[in-house]
2 protein chains.
Amino acid sequence: MDIDVRNCGAEPVPPEGETQVVGNSTSKPVTLADVARLADVSVPTASRVLNGGVRGKGGNRELRERVEDAARVLGYSVSAAAQATKEGRARTIGLLVSDVEDFGAATIIAGILDAAEDRGLSVAVRATHDDAEREVELLTQFRGERHRAIILATSRTTNLERELAVKTQLEVLQRHGANIVLIGDSDHDYSRVTVNNHDAAAALADELAAAGNRRFAILAGPEEQITSRDRVAGFLAGLARHGIEVPEELIFHHGFDRDGGHLAVDILGDRLRDLDVIAAMSDGMAVGAIAALRRRGLETPRDIEVTGFDHVPMLGDVLPEFSTVGVPLHEFGESALKMAVDEPTPEIAKRRVAHKTSLIVRGVMIGVAA
Amino acid sequence: MDIDVRNCGAEPVPPEGETQVVGNSTSKPVTLADVARLADVSVPTASRVLNGGVRGKGGNRELRERVEDAARVLGYSVSAAAQATKEGRARTIGLLVSDVEDFGAATIIAGILDAAEDRGLSVAVRATHDDAEREVELLTQFRGERHRAIILATSRTTNLERELAVKTQLEVLQRHGANIVLIGDSDHDYSRVTVNNHDAAAALADELAAAGNRRFAILAGPEEQITSRDRVAGFLAGLARHGIEVPEELIFHHGFDRDGGHLAVDILGDRLRDLDVIAAMSDGMAVGAIAALRRRGLETPRDIEVTGFDHVPMLGDVLPEFSTVGVPLHEFGESALKMAVDEPTPEIAKRRVAHKTSLIVRGVMIGVAA
DNA sequence: GCAGTTCCGGACATCGATATCCATAATACG
DNA sequence: CGTATTATGGATATCGATGTCCGGAACTGC
């Protein structure tokens, strides 16, 4: 076992000729200097060897092995901080999300992490809780961390002041060499990963109307949020094709989460019996609405149909007849990271990756939309 | 607006006497040297001022303001990498989870991020996907990143070889000065944040048996996983109080997620009709089981009751009569971060924080358990 | 007004790693 | 065998920030 441990480089051996401090309760991390000393070479040489600079043919093959052995025996691992200091930028990505607990955000993060791991990058995650000031504050924190790229998975709004404040920060970060990628729709001019929320919502509305539904309420999410705006606009456009209109007072602008759904249903109250469909612009709101309906003795889809948007997979298991729009959130994350750090391929050069949505009607995937 | 932008320090102004490169397409980040030059002081002095070393009474008050103004005007932010190089450790936390998409993990992360933000710490998240080798690999990556603390929210097992490999890495990290905190049960001797899975499961079993249920199947999750082991043991102990036994062949060891639930139900097949309760040791498995049951025409809790563990809040909205055990995952995250970085309070000094679980029976919280 | 104390702020060294420069050794080739 | 070429590896400088040391100014008290 001792040998095994040594081989995996985890058990530092004191450099020869030095007496080790009592125990190894708190030894400092191994530095390149330690490796160089043990291998009896200069520090820059050790660096070159470990970075492949020394090709190691002929005689110096022995030197190469000496250094590599020393590094292995000591359990050396290069200090990311020192590298970052020297290079001027870290091998890290800064990621901003609204809320990690939100299922959609979690899936996006998972996609980013998977792609980041392949590239040996570390991801620093921060949550804004949809607070505009905090978002700016966190972006300034990113400035000091010298990230290679910044990915924003937070919701962009139509609030010009707020967006300008964010843009101001992003400009600085970009000037300092960080690539900026936004996930979701926005009016900004940065690289983007999106779906066509408008058309997907329209397709869903189309299906619902074609099935004979006529009286709709819409749970729209915050009024300023661009994603919400696009989805509502698309949904209304889809209904319009069938000559259906939704009165202003049946469009609710509350939170994008379960509470938003609860609230809207409670406000609807007795008007619920006049509705065929409550169309929520997120699965979270849909779940909240379903729970609130049930408290009033209404079952879905028996008494009233509730639809969502995003396609949280778990919901399909517990609500078999739930209609929603599938958004490839995991792919969002992967694409965002690729755009952020990969050499620009023809696709990435366009600085806009549009993914496809799928339409799920009463639990059945109908097809893939643009 | 111009003035505003300057005041928030986001618009770097070129140092006097230097001509700016065309545009500011890619200017380098502002360094302390830039600040010192503009303020006409030495670099160490600038550092002292910005770190509060200069009290600034009397005449040097002017100097203090000069430096602070310079920093503000240039939009200076200290390089975390350089600080980390100097200090030997970064103001960062390394976090390992099995899977970010898992609801429980996401909630834990949220708790950690909230507590980390209060302390100005950055959190680097990595996912193991429950792969033992990858876990070790990611821990070695953490070594180079000089994190102040490492938090493991991955599942610990009874596999000695695997645990030894992890322990070996953790020892090195700890020797290098990182605090180690584990979330969940384990046989390791590090700081821990836990609940009493055994007793909570026993309490749930107790309630179920008291309600007249007699014939149980258990979805146990991977056999090696300690959390799973403890929950099953507790559940069986709770049933034993009522003289109920569960035959070995009705305890299923598959994945801890929805697929694990699907699989077990499919294997049960015709034996389902002989059961009162399928007790899943995680909400994810429970959801999978519910979906699989429904495909066979069985409804829960009408035909057969399914219970879970963890208490994913969203489930309470869609499955009103679901029984489960509430685990305070957000608090797990907060406690873990506190243990990892705060000065040892009497509570933290014990290096073990035990949170309380709650018992939720058919959607109603019965009480708080030890 | 002088001695003694305090504080200040500049010069220098340092953290860990890498780019640059250069002298030297090894090789190739005529 | 001698010269031209190449590869090599050490010394030195550098990244950005901070700790140490010390001379000198300001201030205190008598």
Side-chain angles (χ1 to χ4, degrees), chain A residues 15 27-68 70-71 74-91 143-147 176-177, chain B residues 15 27-68 70-71 74-91 143-147 176-177:
Chain A
S27 59
K28 295 178 61 177
V30 180
T31 73
L32 192 52
D34 298 328
V35 174
R37 201 176 311 129
L38 179 57
D40 199 31
V41 295
S42 74
V43 173
T45 297
S47 172
R48 271 187 293 254
V49 168
L50 296 178
N51 292 307
V54 176
R55 300 199 237 332
K57 63 176 185 184
N60 43 17
R61 173 110 168 246
E62 186 268 344
L63 176 140
R64 168 164 211 104
E65 280 175 3
R66 224 164 63 217
V67 174
E68 283 171 347
L74 294 177
Y76 170 73
S77 70
V78 53
S79 155
Q83 277 186 325
T85 305
K86 188 83 215 314
E87 289 177 30
R89 44 158 63 185
R91 297 185 60 78
R143 228 185 308 157
E145 296 172 12
R146 307 287 191 267
H147 295 294
H176 292 357
Chain B
S27 59
K28 295 177 63 178
V30 180
T31 73
L32 191 53
D34 298 328
V35 175
R37 202 175 311 130
L38 178 58
D40 198 33
V41 296
S42 74
V43 173
T45 298
S47 172
R48 272 187 292 255
V49 169
L50 296 177
N51 291 307
V54 176
R55 299 198 240 332
K57 63 177 184 184
N60 42 20
R61 170 110 169 247
E62 187 267 344
L63 176 139
R64 169 163 209 106
E65 280 176 4
R66 225 163 62 217
V67 174
E68 282 172 347
L74 294 178
Y76 170 74
S77 70
V78 54
S79 156
Q83 277 186 325
T85 305
K86 189 84 216 314
E87 289 178 31
R89 45 158 63 184
R91 298 185 59 77
R143 232 189 302 161
E145 296 172 13
R146 308 288 191 267
H147 296 293
H176 292 355

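Below, chain A is the first sequence line, B the second, and so on; all start at residue 1. Bear in mind the structure is a predicted one, so any value in this text is a computation, not a measurement.
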Open item on the list: Would the distance check show the side chain of A:Arg66 and the main-chain N or O of A:Val41 forming a donor-acceptor pair, the cut-off being under 3.5 Å?
Closed with: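 Absent.
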Open item on the list: With a 3.5 Å distance limit and no angle check, can you tell me whether A:Arg146 reaches the backbone of B:Pro29 through a side-chain donor-acceptor pair?
Closed with: no
Which nucleotide in the list [options] gets nearest to the side chain of [X]?
X	options	value
B:Lys28	D:dG16, C:dA11, C:dG16	D:dG16
B:Thr85	C:dC15, D:dT18, C:dT18	C:dC15
A:Lys86	D:dT18, D:dG16, C:dT18	C:dT18
B:Asn51	D:dT18, C:dA17, D:dG16	D:dT18

Can you tell me the distance, in whole Å, between the [atom1] atom of [X] and the [atom2] atom of [N]?
X	N	atom1	atom2	value
B:Arg91	D:dA17	CZ	P	15 Å
B:Arg64	C:dG9	CZ	C1'	14 Å
B:Asp40	C:dG9	CG	C1'	13 Å
A:Leu32	D:dA11	CG	C1'	15 Å
A:Leu50	C:dT18	CG	P	8 Å
B:Glu87	D:dA17	CD	P	13 Å
B:Glu145	C:dG16	CD	P	17 Å
B:Arg37	D:dG16	CZ	P	10 Å

- [ ] Any chance you could measure A:Glu145, atom CD, to B:Arg91, atom CZ, to the nearest 0.5 Å?
- [x] 10.5 Å
Task: Check: B:Arg48 side chain, C:dG10 base, donor-acceptor under 3.5 Å - done: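 For B:Arg48, whose side chain was compared with the base of C:dG10, there is a donor-acceptor pair (under 3.5 Å).
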Answer yes or no: does a side-chain N or O of [X] lie under 4.0 Å from OP1 or OP2 of [N]?
X	N	result
B:Ser42	C:dG10	yes
A:Thr45	D:dG9	no
A:Gln83	C:dG16	no

Task: Along DNA chain C (nearest heavy atom to each residue), the more 5'-positioned of A:Ala33 and B:Val43 - done: B:Val43
Open item on the list: On DNA chain C, does the nearest nucleotide to A:Val78 precede the nearest nucleotide to B:Arg66 from the 5' side, or the other way round? Give the residue.
Closed with: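 Going by which nucleotide is closer to the 5' end, it is B:Arg66.
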- [ ] For residues A:Leu50 and A:Val78, determine if any side-chain heavy atom of one lies less than 4.5 Å from a side-chain heavy atom of the other.
- [x] no
- [ ] Measure the shortest side-chain to side-chain distance between A:Val67 and A:Val35 over non-hydrogen atoms and say whether it is less than 4.5 angstrom.
- [x] yes
